[in-house]
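Structure, as structure tokens:
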Amino acid sequence: MRVCVCATPEQATARVVARIARTVRENPRAVLGLATGGTMEPVYRGLIEAHRAGLGFAGVTSFNLDEYVGLDPAHPQSYHSYMRRHFFDHVDIPADRRFLPCGDCDPAEAAAIFEARLEQHGPVDLQLLGLGHNGHIGFNEPGSSLGSLTREKTLTRRTRDANARFFRPGEVPPQSAITMGIATIMRARSIVLLALGAAKAEAVAEVVEGPVTAFCPGSALQYHRDVSVILDEGAAKDLRLVEHYREAELLMSRRAS
Ligand code: GLP
């Protein structure tokens, strides 16, 4: 794992944007794995800016991690809508190469179709990940099999409460979602996880320095050969080896320049 601690959330976000942009520049037909959540909104703003400055996405294929069960694509809080609002409506990824699990289909069928599309167009070259407060990646909640594929997962109360802020007052957030599994995510060639703020520090420490356990699904990333964990100071505050990660980054950046 490469752990990069940036001074500010803006710098951490810019680093992720630069990494995605470089992937697309080097391989205009790249397959991107995309994520949702508040952390990703500025990432998409940065990518839209890069697009306006000339970065083309016309050859790109994208796969999103997850979608709420029971929300149709037009529902404002569906991840279909999120992606259109924050990214797809502003760039040129062709509509027939943007894949999200179907939220208003039979969940088992939707999951099978999504895995088949991944087989057909994958593997994902670069998978973007956020992190839940309980260590979830995608919607793989604690207890998710580390060998899991795309399927329906019941959301924990903590996750539903955390995501309730995106729903209208009084609206009950969905109780389950279809999510890429841990094994699905692990098939990506490279993975970039972005976590910002002190509220994520405990989960970050468990992902990076804790034991590999289904109790903290993100910890499975320790088995992946090409993972970068991009953090701000707040999210890094509980890491025991933080000074070591800083030194390693300094060495790597000196070598690169
Ligand atoms: C949701 C998404 C995750 C995301 C997480 C964190 O649960 N399914 O993919 O990582 O939210 O979201 P935020 O960035 O809003 O903290």
Side-chain angles (χ1 to χ4, degrees), residues 9-10 12-13 16-17 20 32-47 62-71 75-83 85-87 99-103 107 110-111 114 124 126-144 148 150-167 172-182 184-186 188 191-204 206-208 216-221 227-232 234-236:
E10 291 75 21
T13 301
V16 171
V17 171
I20 299 169
L32 298 179
L34 300 177
T36 51
T39 311
M40 297 304 154
E41 292 178 19
V43 171
Y44 293 124
R45 283 201 289 275
L47 287 173
S62 72
F63 283 91
N64 265 83
L65 285 163
D66 43 18
E67 177 57 289
Y68 289 112
V69 167
L71 299 194
H75 188 287
Q77 264 56 60
S78 72
Y79 285 163
H80 281 77
S81 290
Y82 172 107
M83 288 307 298
R85 200 162 55 239
H86 294 292
F87 192 44
F99 298 101
L100 287 95
C102 175
F114 190 75
V124 166
L126 182 64
Q127 176 67 55
L128 179 60
L129 292 178
L131 185 64
H133 297 98
N134 58 8
H136 76 222
I137 49 175
F139 266 135
N140 292 283
E141 297 282 42
S144 292
S148 52
T150 305
R151 76 244 179 268
E152 184 178 10
K153 280 300 289 180
T154 307
L155 304 178
T156 61
R157 177 154 297 282
R158 194 175 179 196
T159 297
R160 277 183 280 146
D161 289 349
N163 289 349
R165 70 190 197 277
F166 296 113
F167 289 80
V172 182
Q175 285 199 320
S176 70
I178 301 176
T179 178
M180 279 191 203
I182 308 278
T184 317
I185 292 170
M186 294 289 280
I191 297 178
V192 173
L193 183 146
L194 175 65
L196 302 174
K200 297 283 172 76
E202 200 183 325
V204 166
E206 280 177 18
V207 164
V208 176
C216 174
S219 65
L221 299 174
V227 180
S228 299
V229 176
I230 316 277
L231 308 168
D232 65 351

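Since the structure is predicted, the reported quantities are computational estimates derived from the model, not experimental observations. Along the sequence shown, residues carry numbers from 1. All ligand and atom numbering here is 1-based and tracks the order in the structure.
- The aromatic rings of Tyr82 and His86 are tilted relative to each other, their planes meeting at an angle between 30° and 60°.
- Within 6.0 Å of the CD atom in Glu202, the count of heavy atoms belonging to other residues, nucleotides or ligands does not exceed 12.
- The distance criterion of under 3.5 Å between nitrogen or oxygen atoms is met by Leu131 with respect to ligand 1.
- Residue contact annotation: Met40 has no non-hydrogen atom under 4.0 Å from ligand 1.
- Contact between Val43 and Val17 at its shortest, heavy atoms only, is O-CG2, 3.5 Å.
- At a heavy-atom cutoff of 4.0 Å, ligand 1 is contacted by the side chain of Asp66 but not by its backbone.
- At the top of the distance list for atom 14 (O) of ligand 1, counting protein heavy atoms only, stands Thr39 OG1, 2.4 Å.
- Every atom of ligand 1 is numbered from 1 in the order shown, and the set under 4.0 Å from a heavy atom of Asn163 is 1 (C), 7 (O).
- At least one heavy atom of Gly138 sits less than 4.0 Å from an atom of ligand 1.
- Under a 4.0 Å heavy-atom criterion, His133 is not in contact with ligand 1.
- Ligand-side atoms of ligand 1 in range of Gly130: 10 (O), range being under 4.0 angstrom from any heavy atom.
- Listed by number with element, the atoms of ligand 1 under 4.0 Å from a non-hydrogen atom of Tyr79 are 1 (C), 2 (C), 8 (N).
- Ligand 1 has at least one atom lying under 4.0 Å from a heavy atom of Arg165.
- Backbone and side-chain nitrogen or oxygen atoms of His136 are examined, and one is located within less than 3.5 angstrom of a nitrogen or oxygen of ligand 1.
- Nearest to atom 4 (C) of ligand 1 among the protein's heavy atoms is Thr36 O, 3.8 Å.
- The ligand atoms of ligand 1 that sit less than 4.0 angstrom from a heavy atom of Gly37 are 12 (O), 14 (O), 15 (O).
- On a distance-only criterion, Gly38 and ligand 1 share at least one N/O pair closer than 3.5 Å.
- Of all the heavy atoms in Ala110 and Cys102, the pair that sits closest is CB-O, 3.5 Å.
- Of all the heavy atoms in His80 and Pro101, the pair that sits closest is CE1-O, 3.2 Å.
- A donor-acceptor contact shorter than 3.5 Å links the side chain of Glu141 to the backbone of Thr156.
- Under the 3.5 Å distance criterion, with hydrogens and angles disregarded, a donor-acceptor pair is assigned to the side chains of Tyr68 and Asn163.
- Shortest non-hydrogen contact noted between Gly181 and Asn140 is CA-OD1, 3.6 Å.
- Contact between Leu126 and Ile191 at its shortest, heavy atoms only, is CD1-N, 4.4 Å.
- Residues Leu65 and Ala35 share a closest heavy-atom pair of CD1-CB, 3.7 Å.
- Protein heavy atom nearest atom 16 (O) of ligand 1, with residue, atom name and distance: Lys200 NZ, 2.7 Å.
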